[in-house]
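Quick notes on the structure that follows.
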Amino acid sequence: MSRRFNLVLTGVGGQGLITLGRLIGEACIRAGLNVTVAEVHGMSQRGGSVIVHVRIGEGDSPVIPVGGAHHIIAMEVLEAGRSVRYANKDTVMVVNDLILPPPLAKYPGKKDVIEALKSKLGRVYLYDAEGVSKRIMGTPISSNIALLGFSLGVNPALEDLIGKTDVEKAIEAIFKGKALELNMKVFEEAFKEGKASVGG
Amino acid sequence: MNPILARKGETVLLMGNEAIARGALESGICMAAAYPGTPSTEIVETLSEVAKDLKIWVEWSVNEKVAFETAYAAAISGVKSLTAMKHVGLNVAADILMSSAYAGVKAGFVVVSADDPGHHSSQNEQDNRWYGFISHIPVVEPSSPREAYYYTKESFKLSEKYGHPIILRTTTRISHTRQPVTLDEDLPESPVCKGVFEKAIDRWVLVPGHARKLKMKLLEVWRKIQYDTGEPFAKIINPGMKDVIIASGIAYSHVEEALRILGLESKVTVLKINMPVPVPRKPVEEVLRNAERVLVVEELDPVVEKQVKSISSELGFGCKIYGKEYVPENDELSLQVVYNGLCRFFDKCDPSIWESVGDLKIEPTIPPRPPVLCPGCPHRSSYYIVKTALNKAGIRNVIFTGDIGCYTLGFQKPFETQMTSFEMGGAIGVAHGLSKVVDEAIVAVVGDSTFYHAGIPGVINLVFNKGRAIPLILDNSITAMTGHQPHPGTGVTAVGEPTARIMPEDVLKAVGFETYLINPLKVKESINTLGKALEEFKSGKNIAIISRARCALEVLRDARKTKTVLPVYKVDPEKCTGCMACVNLSACPALVVDPDSRKPVIIEDLCAGCGLCASICPFKAISTANTPSQDWEKLW
């Protein structure tokens, strides 16, 4: 059975998920891999749930089966909870340490969601991507790049597929000038923190 | 450099829509016209970004019918052209679509219909392949974004070969998926941009006498396409098996992977179809001849299935043909859905595949996150102002008819200012009709772009036929829903050239409305203005309201560019009583309730500084947290 590596990116509209999907797609081209990057979002430009399906390897069918994700990057805690249906017991999940409650809604606390996730999955990492982005960029705008860097750091299967240099080349292709320099730093820093958190 | 301009041999990551744009450019188009609509928008958006460099004409037309007419005019003069629209957009252009098949074209002409199975951003999920039958126009359907590039070019070739329009049908999952595409041609040095209009009255003037003759020709072309077309629109993979799968468009991609997972690639013949209408006869006959069991896999309606069954029955083949028994007729297909269908068909299911850990069990449950109006969206303020003014004027139980755009989200609480939403421009026509049969006051809510698209005939009819409704134009000076394309009120064209600015108030005045213009950022002032307007309405006058402030996303973008500091608001916890008026009346995503203090706080990174919450707060507990630039209001 030929397998494709299935990467789910999830979060809230406006958080840079589409850019992250594009970046991973560009990295795959540099790694010589086929990829499909499918953006699933509803009506609104901002504020709704967004999920991007990245499938790496031969084939054109773009949407990841429920239970079929190898790795999940969640840019927001509630969306992490929502995306767990794509996970199986071996899925690695990296969650941004940020909660954005929808207006006028009751919602569970951050800790409760993370605990519930950990009870289902063996490997769940809560990562303060905003922290590293704010430290280097001054804004949370590069949290997406930080989460990718951290993911490569903690998941060797992902790193084996698209190497750190492939991502760096993709960052070079997408950003220019100061933004390029700072995003590289964010990526590097988050990658190191990922490695450190798994004792690498 | 824009990836769409990359050289031959390069591999670039293209979204399906970008791939179509590139394919059309390689084919030599010099004209593209469209009205934006998800999932089709990025085709002409991509072309508009490179139009000036390539010296081709690209426009956002006021609606799909006008876009179609514009592009078709080029094609009947010998200039290759493209028009693109979402599935429901083709309904708007259906009139000219039918006629275009009769008269044909002098140069390649491709109509892209981007359908939306699963209705991610549409009012329905109609399968536009049927349009191929009604109009006798072949429908080409790619199986992947990469193939969208390839089949765009094949569609132009087919169009040129038969002098006939071609529908290129994609679906959301192809239009909005990115894939590496290796470019196999450079862009032509100089596409043909000057045409000649030949006065062939018997071809272009569809009076019955001419149309009768043209219909005969049309049927001849239709049959030729049906019987002469094989590769590249149909491909038989692993021929000679008794089990056959026929898969059209993206369904093929799911079938290909599902068969690999099931380990059945060598045991099944697959007929890959990239022209579902009319289905190429010869390859279908060939696979049916030896088949025992056939499964047709396609997204939405049984378009190919019905044709295959008809061919089989016509030729007396004995095979059993299945389709919708195994593959659902609603929603979009996926690998998982197709796998489930195939494993039942072959009685070879593996229940352990993709074993999900299931949903989280947690209290309170994770709330749904429906799309909402953005923080700072002027529509939020407009709704608050209009509802408050109506209330103050003693006008109760107001019926709000609605339309298609960001502002449709006003159907949600706390606004509930869209009680209908059917199609572009529908708000005003429906309001008119209701006004003839109900007693309540009616407000017809329509956006600026939608007003130009299909609202203007409605307002004319409203006055002419003595309807009683208040058109409320929410004018954020851009087509915001689809990603900020310009329209006749914007003052720039698709490629950024300055042009005439046509204001809704001028149109409304000309039609016969007393028009009241408000700035939704000035809440109190606007409520007062509308008070006067509503008195006029009560006295029997035709009034229209225009609420004008730019889209907050555009304002935020311009603020970043010009380094303008916009106001950011904060809640003073001392003055705040926790009454929740700000949260309950504005539903702004930047306002969240702190679980500890049970009082609202404003997320600074999200606040766009519209100030609505400060206007609402009865305790004056909300004020600016920073010192905004002096001229920040100019950006709105």
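Per chain, numbering begins at 1; letters A, B, ... match sequence-line order.
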What residue in A/Gly68, A/Pro65, A/Pro102 has the most heavy-atom pairs under 4.5 Å with chain B? A/Pro65
Against chain B, label A/Leu78 side chain, backbone, both or neither, depending on which of its atoms sit under 4.5 Å from a heavy atom there. both
Looking at B/Pro145, B/Ser144, B/Pro180, which one has more heavy-atom pairs under 4.5 Å with chain A than the rest? B/Pro180
So which atom in B/Arg173 and which in A/Pro62 form the shortest heavy-atom distance, rounded to 0.1 Å? CG-CG, 3.4 Å
Please check if the side chain of B/Glu355 supplies one atom and the backbone of A/Gly67 the other of a donor-acceptor pair under 3.5 Å. no
Could you go step by step and tell me if B/Leu335 and A/Arg4 meet the side chain to side chain contact (heavy atoms under 4.5 Å, CB included) rule? CA-CA 12 Å; B/Leu335 169 62; A/Arg4 290 169 82 186; over 6 Å; no
Could you check which of B/His176, B/Lys361, B/His119, B/Glu363 has the highest count of heavy-atom pairs closer than 4.5 Å to chain A? B/His176
Using heavy atoms and a sub-4.5 Å threshold, report which of residues 84-99 of chain A line up against chain B, by residue number. A/Val84, A/Arg85, A/Ala87, A/Asn88, A/Lys89
Using a 4.5 Å cut-off on heavy atoms from C-beta on, say whether the side chain of A/Asp60 contacts that of B/Glu256. no
What part of A/Val52 gets within 4.5 angstrom of chain B, counting heavy atoms only: side chain, backbone, both, or neither? neither
Do B/Arg146 and A/Asn34 come close enough that some side-chain heavy atom pair is under 4.5 Å? yes
Donor-acceptor contact present, side-chain B/Arg178 to main-chain A/Gly21, <3.5 Å: no
Between chain A and each of B/Cys377, B/Ala587, B/Ser334, count heavy-atom pairs under 4.5 Å; write down the option with the most. B/Ala587
Measure B/Thr38 against the heavy atoms of chain A and call it side chain, backbone, both or neither at under 4.5 Å. neither
Using non-hydrogen atoms only, which part of B/Met580 is less than 4.5 Å away from chain A: side chain, backbone, both, or neither? neither
Residue pair B/Ile366 / A/Pro108, side-chain heavy-atom distance below 4.5 Å: yes
Distance-only, no hydrogens or angles: does the A/Lys120 side chain make a donor-acceptor pair with backbone N or O of B/Val357 under 3.5 Å? yes
Under 4.5 Å from a heavy atom of chain B, the part of A/Leu121 involved: side chain
Side chain, backbone, both or neither: which part of B/Leu360 has an atom under 4.5 Å from a heavy atom of chain A? both
Interface moiety of B/Val583 toward chain A, non-hydrogen atoms closer than 4.5 Å: both
Heavy-atom cut-off 4.5 Å, strictly under: side chain, backbone, both or neither for B/Asp605 against chain A? side chain
Over 12 foreign heavy atoms within 6.0 Å of CD1, A/Ile141: no
For atom CD of B/Glu604, is the number of surrounding heavy atoms from other residues, nucleotides or ligands below 6.0 Å larger than 12? no
Against chain B, label A/Arg55 side chain, backbone, both or neither, depending on which of its atoms sit under 4.5 Å from a heavy atom there. side chain
Do you know which of B/Pro3, B/Ser586, B/Pro368, B/Cys588 has the most heavy-atom pairs with chain A at a distance under 4.5 angstrom? B/Pro368
Which atoms of B/Thr365 approach chain A - backbone, side chain, both or neither, heavy atom under 4.5 Å: backbone
Is there a side-chain contact between B/Thr177 and A/Val37 in this structure, where contact means two heavy atoms from C-beta onward sitting under 4.5 Å apart? no
So, do B/Gln179 and A/Val35 sit near enough that their side-chain heavy atoms are less than 4.5 Å apart? no
Does A/Arg3 pair with B/Glu257 as a salt bridge, N-O distance under 4.0 Å? no
Donor-acceptor contact below 3.5 Å, side chain B/Arg369 vs main chain A/Leu100: yes
More than 12 heavy atoms of other groups within 6.0 Å of A/Lys195 NZ: yes
Identify which part of B/Val337 has an atom lying under 4.5 Å from any heavy atom of chain A, answering side chain, backbone, both or neither. neither
Contacting moiety of B/Val12, where chain A heavy atoms sit under 4.5 Å: backbone
I need the residue from A/Glu115, A/Glu79, A/Lys106 with the largest number of non-hydrogen atom pairs under 4.5 Å to chain B. A/Glu79
Answer key: most heavy-atom pairs under 4.5 Å with chain B among A/Leu117, A/Leu33, A/Thr139, A/Ile64 is A/Leu117
If I measure from the heavy atoms of chain A, does B/Leu13 come under 4.5 Å with its side chain, its backbone, both, or neither? both
Look at A/Val63, A/Thr36, A/Val66, A/Val54 and state which one has the largest set of heavy-atom pairs under 4.5 Å with chain B. A/Val66
